[in-house]
Chemist: 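Have a look at this one before I ask anything.
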There are 2 protein chains.
Amino acid sequence: MSAPPKLVIDPHSNVPVYRQVVDNLRSLLVEGALQPGTTLPTVRELGLELGVHFNTIAEAYRLLASEGWLDLKRRRGAVVTERSAPQPPPDALANFRRNLRQLIAQVRAEGLSVGSIAHELDRLNRELSA
Amino acid sequence: MSAPPKLVIDPHSNVPVYRQVVDNLRSLLVEGALQPGTTLPTVRELGLELGVHFNTIAEAYRLLASEGWLDLKRRRGAVVTERSAPQPPPDALANFRRNLRQLIAQVRAEGLSVGSIAHELDRLNRELSA
DNA sequence: GTTGTTTGTATACATACAATGTACAAATGT
DNA sequence: ACATTTGTACATTGTATGTATACAAACAAC
């Protein structure tokens with residue numbers, strides 16, 4: 001069980017740990033690296049591996065379950081479910097635009113060059129369409 | 001004074017208000033919509049406009065000042081400063097990659113199509129290089 | 001030069017959130 | 001039956017967020 005893809009969490013980030021876990025796992029789920037039927041590590045296992053309390057992992061799993069990605073059951077663990085894409089809320093695109101713009105502004109402020117940012121965008125885009 | 005570009009903040013977001021203000025303003029600063037020498041609205045003005053306490057705005061201004069964007073002084077207000085791009089930290093690119101990937105995963109999970117995401121990426125990229 | 005006004009700043013407080021500790025409940029194997 | 005392995009529930013503790021209120025500095029008016 002539990003093909004554990006390495007999750008990277010930063011305990012000093014201002015983003016709370018449980019949301020970092022959610023974001024990491026959701027990436028893997030969306031990209032298909034975690035297929036339906038897969039069993040995730042138990043909350044205690046993953047908590048130990050990441051150095052946080054298992055309740056923090058349980059909170060993350062519950063969030064993903066509420067998004068429809070996981071099915072949680074005692075004694076059996078967290079299993080990835082089938083899930084069809086929902087209808088996007090009407091402001092989804094506008095929000096995405098804003099968040100993307102702010103993310104780019106943030107890294108430009110950090111000193112990343114426009115060139116390397118553009119390169120990354122292109123790379124991701126190519127990866128998407130593939 | 002204070003050509004007030006419309007900031008959009010969502011009091012129900014899980015992102016705290018002062019950081020929403022920071023993110024919005026940083027976008028405008030990076031993109032040059034707020035030129036050095038510009039005076040921002042006073043903390044009380046902007047607080048009133050956004051419906052939050054002025055100390056919340058003051059916190060945001062202080063963060064931007066600590067990033068080098070603003071110069072704060074009593075009685076004169078918040079003035080946009082000259083600022084040269086710093087040396088990016090060594091993990092900046094990797095972090096950007098991860099954040100971008102997670103942002104895309106998030107909106108795909110919300111139901112946005114790969115096509116519209118790709119289109120947005122392309123648009124932003126073109127806008128960057130322009 | 002005193003006074004009032006306009007700014008940002010400092011501190012104290014209430015509330016909410018994040019992470020943990022501990023006890024529990026359910027499912028399964030022996 | 002019993003023990004074990006899972007997720008769950010709830011209380012506790014520390015930290016973050018947002019507000020209220022008082023303060024300090026700079027400048028203008030007189």
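What you see is a predicted model; the values in this text were computed from it and never measured. So you know, we letter chains A, B, ... as the sequences are listed, proteins then strands, and number each from 1.
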Chemist: Between A:L70 (CG) and D:dT8 (C1'), how many Å, whole number?
Modeler: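 Interatomic distance, CG of A:L70 to C1' of D:dT8: 16 Å.
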Chemist: Round to a whole Å and report the spacing from CG of B:D71 to P of D:dA26.
Modeler: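 In whole Å, D:dA26 P and B:D71 CG are 13 Å from each other.
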Chemist: Of the options C:dA19, D:dT17, C:dT9, whose atoms approach the side-chain atoms of B:R74 most closely?
Modeler: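 Within the option list, the nearest is C:dT9.
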Chemist: Can you tell me if the side-chain N/O atoms of B:T56 get under 4.0 Å from OP1 or OP2 in D:dT17?
Modeler: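 For B:T56, the contact criterion (side-chain N or O under 4.0 Å from OP1 or OP2 of D:dT17) is not met.
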Chemist: What distance separates B:R101 CZ from A:R123 CZ, expressed to the nearest 0.5 Å?
Modeler: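 Rounded to the nearest 0.5 Å, the CZ-CZ separation comes to 10.0 Å.
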Chemist: The side chain of A:V17 is closest to which nucleotide in this list: D:dT19, C:dG21, C:dA19?
Modeler: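 Nearest to the side-chain atoms of A:V17, counting from C-beta on, is C:dA19.
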Chemist: Tell me which nucleotide among D:dA28, D:dT17, D:dA20 gets nearest to the side chain of B:R75.
Modeler: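 Of the options given, the side chain of B:R75 lies nearest D:dA28.
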Chemist: Measuring from the side chain of A:L72 (C-beta onward, heavy atoms only), which nucleotide among C:dA19, D:dT8, C:dT9 has the closest atom?
Modeler: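 Side chain of A:L72 sits closest to D:dT8.
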Chemist: Counting only side-chain heavy atoms from C-beta out, which of D:dT19, C:dA26, C:dA18 sits nearest to B:V52?
Modeler: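 Closest of the options to the side chain of B:V52: D:dT19.
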Chemist: Measure from CG on A:L63 to C1' on D:dG7 and round the result to the nearest Å.
Modeler: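 Computing the A:L63:CG to D:dG7:C1' distance gives 15 Å.
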Chemist: Give, for atom CZ of B:R97 and atom CG of A:L121, the distance between the pair rounded to the nearest 0.5 Å.
Modeler: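 Rounded to the nearest 0.5 Å, the CZ-CG separation comes out at 11.5 Å.
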Chemist: Considering only C:dT20, D:dG7, C:dT9, which nucleotide approaches the side chain of B:R62 most closely?
Modeler: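 Nearest to the side-chain atoms of B:R62, counting from C-beta on, is C:dT9.
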Chemist: Has A:R83 got its NZ or CZ under 6.0 Å from the middle of the six-membered ring of A:W69, at an angle within 45 degrees of the ring axis?
Modeler: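 That pair qualifies as a cation-pi contact.
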Chemist: Can you tell me the distance, in whole Å, between the CD atom of A:E59 and the C1' atom of C:dG21?
Modeler: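 Whole-Å distance recorded here is 16 Å.
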Chemist: Tell me which of A:N14 and A:V43 sits closer to the 5' end of DNA chain D, going by the nucleotide each one is nearest to.
Modeler: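 Result: A:V43.
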Chemist: Is there a donor N/O on one and an acceptor N/O on the other, under 3.5 Å, for the side chain of B:R76 and the base of C:dG8?
Modeler: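 A donor-acceptor contact between them is absent.
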Chemist: The side chain of A:N55 lies closest to which of these nucleotides: C:dT20, D:dA26, D:dT17?
Modeler: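 Nearest to the side-chain atoms of A:N55, counting from C-beta on, is C:dT20.
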Chemist: Which nucleotide wins on minimum distance to the side chain of A:F54, given the candidates C:dA18, D:dT8, C:dT20?
Modeler: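 Of the options given, the side chain of A:F54 lies nearest D:dT8.
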Chemist: Of all heavy-atom pairs between A:T56 and A:Y18, which one has the smallest distance, and what is that distance?
Modeler: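 The pair with the smallest heavy-atom distance is O-CB, 3.7 Å.
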Chemist: Is the phosphate of D:dG18 approached by B:Y18 (side-chain N or O, under 4.0 Å from OP1 or OP2)?
Modeler: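 Negative; the distance criterion is not met.
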Chemist: Could you state the atom-to-atom distance from CZ of B:R44 to C1' of D:dA22 in whole Å?
Modeler: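 Between C1' of D:dA22 and CZ of B:R44: 11 Å.
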Chemist: Could you state the atom-to-atom distance from CG of A:L40 to P of D:dG7 in whole Å?
Modeler: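 That distance rounds to 9 Å.
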Chemist: Take the protein atom CD of B:Q20 and the nucleotide atom P of D:dT17, then report the distance between them rounded to whole Å.
Modeler: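 Roughly 12 Å, once rounded to whole Å.
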Chemist: To the nearest Å, give me how far apart CD (A:E45) and P (D:dG7) are.
Modeler: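 From A:E45 CD to D:dG7 P: 8 Å.
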Chemist: At what distance, to the nearest 0.5 angstrom, does CZ of A:R26 lie from CG of A:L34?
Modeler: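 So the gap between those two atoms works out to 13.0 Å.
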